[in-house]
Amino acid sequence: TDCEGNSQDWVYTYTIERNDFSVPANGSSTVACITDATAPTPPSVNDNCGNAITPTGPVTGGTFDGCEGTRTYTYIYTDCEGNTHNWVYTYTIEHNDFSLPANGSSTVACISDATIPTPPPVNDNCSSSITPAGPVIGGTYDGCEGTRTYTYTYTDCEGNTHNWVYTYTIERQPFTNPVDQSSTVSCIALAVAPTLPVVTDNCGNTLTPTGPTIGGTYVNCEGTRTYTYVYTDCEGNSQDWVYTYTIE
């Protein structure tokens with residue numbers, strides 16, 4: 001403004017052109033279970049003028065198929081000018097192997113006692129229950145003794161697999177000795193081969209005896225006449241059964 005009052009304006013103009021900003025590098029880690037792939041804490045990001053930007057999100061994605069793959073969390077940062085950048089955290093889900101209880105075993109006397117066992121409850125490495133396949137029956141049982149095995153196969157979604165085996169050892173026990181019998185007769189001609197008792201092994205199978213072996217003290221007139229039969233089971237356990245006639 002001059003002394004006469006003439007005036008003119010002088011203007012200085014700033015054009016504010018918000019520059020773009022940057023975000024930290026994306027993050028990643030490997031975990032064993034999807035439950036470990038929790039939403040991460042997004043990093044602190046400022047716009048080009050130092051103002052904190054609050055991101056939107058996260059948007060969840062990835063290739064996780066229920067067992068393995070990736071789980072991503074995407075946060076979107078946008079400044080007031082509309083500049084935008086994504087920050088992504090990627091979990092790689094790698095299913096770890098699992099473990100089984102120790103195999104089971106017991107000793108029984110008969111194959112009928114070697115019943116199908118109840119398989120143990122087993123979880124995969126992420127605590128999900130695994131239903132086993134089986135059992136597959138095997139062993140060395142030969143109709144008398146040996147082993148009978150039941151094998152269950154546990155497989156998790158990743159394909160890790162382990163067998164759990166229950167082994168019965170069949171050990172045939174001795175059977176009950178049949179009670180000897182006797183009678184008195186007046187003549188040796190009446191001391192005929194007796195009717196045999198029914199004898200079963202320890203597992204209820206009927207045994208056929210060998211014999212008889214004839215003995216006793218009979219000489220010409222009086223004494224005894226014995227009939228001895230031997231019962232033997234498949235394992236080789238044996239018992240004698242003797243019928244004794246007294247000739248009086």
Side-chain angles (χ1 to χ4, degrees), residues 99-123 129-155 161-248:
S99 59
L100 288 183
N103 291 329
S105 64
S106 61
T107 298
V108 295
C110 309
I111 191 63
S112 59
D113 298 324
T115 55
I116 296 176
T118 300
V122 173
N123 292 336
S129 177
I130 301 176
T131 300
V136 175
I137 300 173
T140 64
Y141 179 71
D142 59 5
C144 183
E145 293 190 322
T147 59
R148 169 61 54 87
T149 59
Y150 292 92
T151 300
Y152 291 87
T153 301
Y154 292 82
T155 305
T161 184
H162 296 285
N163 291 338
W164 183 80
V165 183
Y166 196 95
T167 302
Y168 287 101
T169 300
I170 296 91
E171 181 62 40
R172 191 62 65 96
Q173 299 298 314
F175 57 96
T176 302
N177 188 16
V179 177
D180 294 338
Q181 293 180 315
S182 63
S183 62
T184 300
V185 295
S186 59
C187 305
I188 191 61
L190 299 175
V192 296
T195 301
L196 300 178
V198 176
V199 177
T200 59
D201 65 13
N202 191 63
C203 294
N205 301 302
T206 300
L207 300 177
T208 300
T210 59
T213 300
I214 300 174
T217 63
Y218 178 76
V219 178
N220 296 327
C221 184
E222 292 187 326
T224 59
R225 169 62 55 86
T226 61
Y227 290 88
T228 301
Y229 295 85
V230 180
Y231 291 85
T232 305
D233 66 12
C234 64
E235 199 272 334
N237 298 308
S238 65
Q239 300 287 358
D240 293 339
W241 180 75
V242 181
Y243 195 96
T244 303
Y245 287 100
T246 300
I247 297 89
E248 182 58 48

List the atom of [X], the atom of [Y], and the distance in Å for their closest heavy-atom pair.
X      : Y      : value
Thr195 : Trp241 : O-CH2, 3.8 Å
Ile247 : Glu222 : O-CB, 3.4 Å
Tyr154 : Pro120 : OH-O, 2.6 Å
Gln173 : Asn202 : O-CB, 3.3 Å
Asn103 : Val165 : OD1-N, 2.9 Å

Give a yes or no on whether the backbone of [Y] and the side-chain of [X] come within a donor-acceptor separation of less than 3.5 Å.
X      : Y      : value
Gln181 : Val179 : no
Asn177 : Gln239 : no
Thr153 : Asn163 : no
Thr217 : Thr224 : yes
Tyr227 : Ala191 : yes

Check: [Y] and [X] side chains under 4.5 Å, non-hydrogen atoms:
X      : Y      : value
Pro101 : Val122 : yes
Ser129 : Asn123 : yes
Tyr150 : Pro119 : no

Please check if any side-chain donor atom of [X] sits under 3.5 Å from a side-chain acceptor atom of [Y], or the reverse.
X      : Y      : result
Ser238 : Thr232 : no
Asn205 : Thr200 : no
Thr244 : Thr226 : no

Nearest 0.5 Å, please: how far is [atom2] in [Y] from [atom1] in [X]?
X      : Y      : atom1 : atom2 : answer
Ile111 : Ile170 : CD1   : CD1   : 4.0 Å
Cys110 : Glu171 : SG    : CD    : 11.0 Å
Leu196 : Tyr231 : CG    : OH    : 4.5 Å
Thr107 : Asp113 : OG1   : CG    : 11.5 Å
Cys234 : Asp201 : SG    : CG    : 6.5 Å

key: Trace of the side chain to side chain contact (heavy atoms under 4.5 Å, CB included) decision for Ile116 with Tyr152   = CA-CA 11 Å; Ile116 296 176; Tyr152 291 87; 3.2 Å; yes
Between Tyr245 and Tyr243, ring centroids under 6.0 Å = yes
Sequence-distant partners of Phe175, ring-ring contact (aromatic ring centres under 6.0 Å, His included), two or more places apart = none
request  = Decide, yes or no, whether a salt bridge links Asp233 with Arg172 under the criterion of side-chain N to carboxylate O below 4.0 Å.
outcome  = no
Please list every donor-acceptor pair under 3.5 Å in which a side-chain atom of residues 208-216 meets a protein atom from a residue at least two apart or in another chain.
unit_1 : atom_1 : unit_2 : atom_2 : d
Thr210 : OG1    : Val230 : O      : 3.4

